[in-house]
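Residue numbers begin at 1 in each chain, while the letters A, B, ... track the order of the sequences.
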Amino acid sequence: MAENNEVGSNFVREIVEEDLKNGKNGGRVATRFPPEPNGYLHIGHAKSICLNFGLAQRFGGTCNLRFDDTDPVKEDTEYCDSIKEDVEWLGFHWDNLYFASDYFDQLYEWAKELIRKGKAYVCELTPEQIREYRGNFYTPGKPSPWRDRPAEESLDLLERMKNGEFKEGERVLRAKIDMSHKNMNMRDPLIYRIKHVTHHRTGDKWCIYPMYDFAHGLSDAIEGITHSVCTLEFEDHRILYDWFIDALELDRHPQQIEFAKLNLSYTVMSKRRLLSLVKDGVVCGWDDPRMPTISGMRRRGFPPEAIRNFCELIGVNKRDSMVDLALLEHCVRENLNDTAPRIMGVTKPIKVLIENYPEGKVEYFEGPFHPTDDSFGSRKIPFSRELWIDSSDFMEDAPKKFFRLTPGREVRLRYAYFIKCVGVDKDENGNIIQVRCTYDPESAGGKSPDGRKVKVTIHWLSAAHALPAELHMVNTLFTEEDPMATPEGDFKSCLNPNSMEILQGYVEPSMADVKPGYRCQFERMGYFCVDTDSTKDHLIFNRTVTMRDDWAQIQKQGN
RNA sequence: UCCGAGAUCGUUUAAUGGUAGGACGACGGGUUCUGACCCCGUUAAUCUAGGUUCGAAUCCUGGUCUCGGAACCA
């Protein structure tokens, strides 16, 4: 068993396999991803998407995309569009696109059937009274005075609720179950409530809208879903899910299976909190590269394959967990290492003057776009007397383990020459304005004919040829691993003031025509992605993720 | 005080009564024209107390802790 380098199964997969083995559902597997269109999808949804679509893929079944649009107050078609885009971008294709609102007619018929069976009634208690009558965890509820009214009366009232004869809150349709049930969900739960609100799809056709518990399971049944996967907070609702299907004596009975939702360190994951970040202007929108939304991660440069792989690695179970952001970053690097062309970019420029290199001379060095995969091709990189290097690659007073440029030290300029630092020029305030070096003409192409070794190779750009670029150095949005663990759950108290550092840097001339979405590696600096707002005249890159950095670790240890 | 669920290396995930394994991280080393990638090694866990058994992470009992649940939200 131990020699299993493929990721193990998970309990949902095992349930489906078992069902298949036993011939349940006629050997059919049908799942669905049922988002409410009231916000943008995030990495937590990606877990659910990968699970549901993955199940269908693995077992030759189907997976529907169904919008759970039963509360017109919060829902909007803008969200539907973004959700569809995100699911497709992740690489999944739904067998059918449905809306819970497609089933409003059928649901209404079923509601009337429940009334006729004596299993539902129209209640005229106020919202406050309903709450009061429901009791609490420790004390049983008491029956509504309208509980036993004749079915005919409820039928008539429901019809009039539908036609808009009553104000919101005046009447509701409730299931008649058990007001003293241990599970609060069974104390005559609501089925329909009145809302005089225009629905994003059905317009003003309805003045009543079905509640989740009623609509969701029955929608599953209508679509012939076999395995209805949802998150843990619905565990207490499963009994109701089953009750409606049984009460209506439907011939299909989907099985609800609950799993633990994803928590990621250094981020928050609820739509409500993400919306508040957007509304408060903490971020620039749902697709801000710092957001854990699918659209934010896309803009930041996370490849869909990396996200899918991450979802596979984290597994599926029923215990609460907090997945380390480092695992997501690992998946992103692993993918980008194989797929991203290498280029040179300078994030914090410092000028280097090659004293013995002729003024006005320009030569070109060939550099492959990928160290091991020739199919990426190569480009010519211009070299001249004045260069930009990254300020992190030079130190005047270097500690022992610093291998980069420092007075008297020789390093290699990638693909170009060995250079040796011979001096530093400063302004009157002591700030370094330029590093002076000499180069070894024999080392052209970065070769070392005499076998001379150099500790490191650094990246560089010909100052005259470099393209200015705005660099968005994306970091975590929060400084705490669990932002919700801050006092009173005030997650905004640990917002990271440096969540996005904006730098004016340079990139090599081969980047002149890159389009938004283009992903590449700035050698030694990290993976970057061209931002959606980037133009030919104003290049903008988002740092997708840094490189793993041993030097940074050493520096950290020194402190 | 009620109902439901869950506790395995720092994190995450395996084991389905039979050697507690993998991944990420951390640490150390090798390699290197990216202090990257890659390779090798080290670290490190069954919530607790009993019981059943030749044998328990797994089964039983009692504790403890964590999470979810009382919207005309989903």
Identify, with sequence neighbours excluded, every residue that meets side chain to side chain contact (heavy atoms under 4.5 Å, CB included) alongside [X].
X: A/Val454; result: A/Glu410, A/Arg412, A/Phe418
X: A/Ala326; result: A/Asp324
X: A/Ser219; result: A/Arg66, A/Ala100, A/Tyr103

Distances for protein N or O near nucleotides 57-59 of chain B N or O, under 3.5 Å:
none

is_close_aromatic(A/Phe403, A/Trp551), centroid dist under 6.0 Å
no

Just checking A/Phe67 against A/Phe99, ring centres under 6.0 Å apart?
yes

Any A/Arg193 side-chain nitrogen or oxygen under 4.0 Å from OP1 or OP2 of B/rC73:
yes

Phosphate OP1/OP2 of B/rC72: any A/Arg174 side-chain N/O under 4.0 Å
no

Residue-level proximity of [range] to RNA chain B when a heavy atom falls under 4.0 Å:
range: residues 336-345 of chain A; result: A/Asn337, A/Arg342
range: residues 138-147 of chain A; result: A/Tyr138
range: residues 67-80 of chain A; result: A/Asp68, A/Thr70, A/Asp71, A/Lys74
range: residues 157-173 of chain A; result: A/Gly169, A/Val172

Going from CZ on A/Arg147 to OG on A/Ser144, what distance comes out if it is rounded to the nearest 0.5 angstrom?
8.5 Å

What distance do A/Phe376 atom CZ and A/Cys520 atom SG have between them, rounded to the nearest 0.5 Å?
11.5 Å

The complete set of salt bridge (Lys or Arg N to Asp or Glu O under 4.0 Å) pairs with one or both residues in residues 171-186 of chain A, sequence neighbours excluded, reads A/Glu124-A/Arg171, A/Asp148-A/Lys176

Going by centres under 5.5 angstrom and planes under 30 degrees, do the aromatic ring of A/Phe234 and the base ring of B/rA74 stack?
no

Aromatic stack A/Tyr212/B/rA74: centroid gap under 5.5 Å, interplanar angle under 30°
no

State the pairing partner of B/rC54; accept Watson-Crick or G-U wobble contacts with both distances under 3.5 Å, and report none otherwise.
B/rG18

Tabulated below should be each protein N or O lying under 3.5 Å from an N or O of nucleotides 3-8 of chain B; please produce it.
from, atom 1, to, atom 2, distance (Å)
B/rA7, OP1, A/Arg319, NE, 3.4

Just the table, please: protein N/O against nucleotides 39-41 of chain B N/O, every pair under 3.5 Å.
none

Where each residue is assigned the nucleotide of RNA chain B containing its nearest heavy atom, which of A/Arg524 and A/Lys195 is assigned the position nearer the 5′ end?
A/Arg524

Salt-bridged, A/Glu366 to A/Lys380, with N to O below 4.0 Å?
yes

N-O pairing of A/Lys261 and A/Asp320 below 4.0 Å
no

Classify every nucleotide of nucleotides 23-32 of chain B by which part a protein heavy atom approaches to under 4.0 Å, writing B for the base, S for the sugar-phosphate alone and - for neither, in 5'-to-3' order.
-SSSSS----

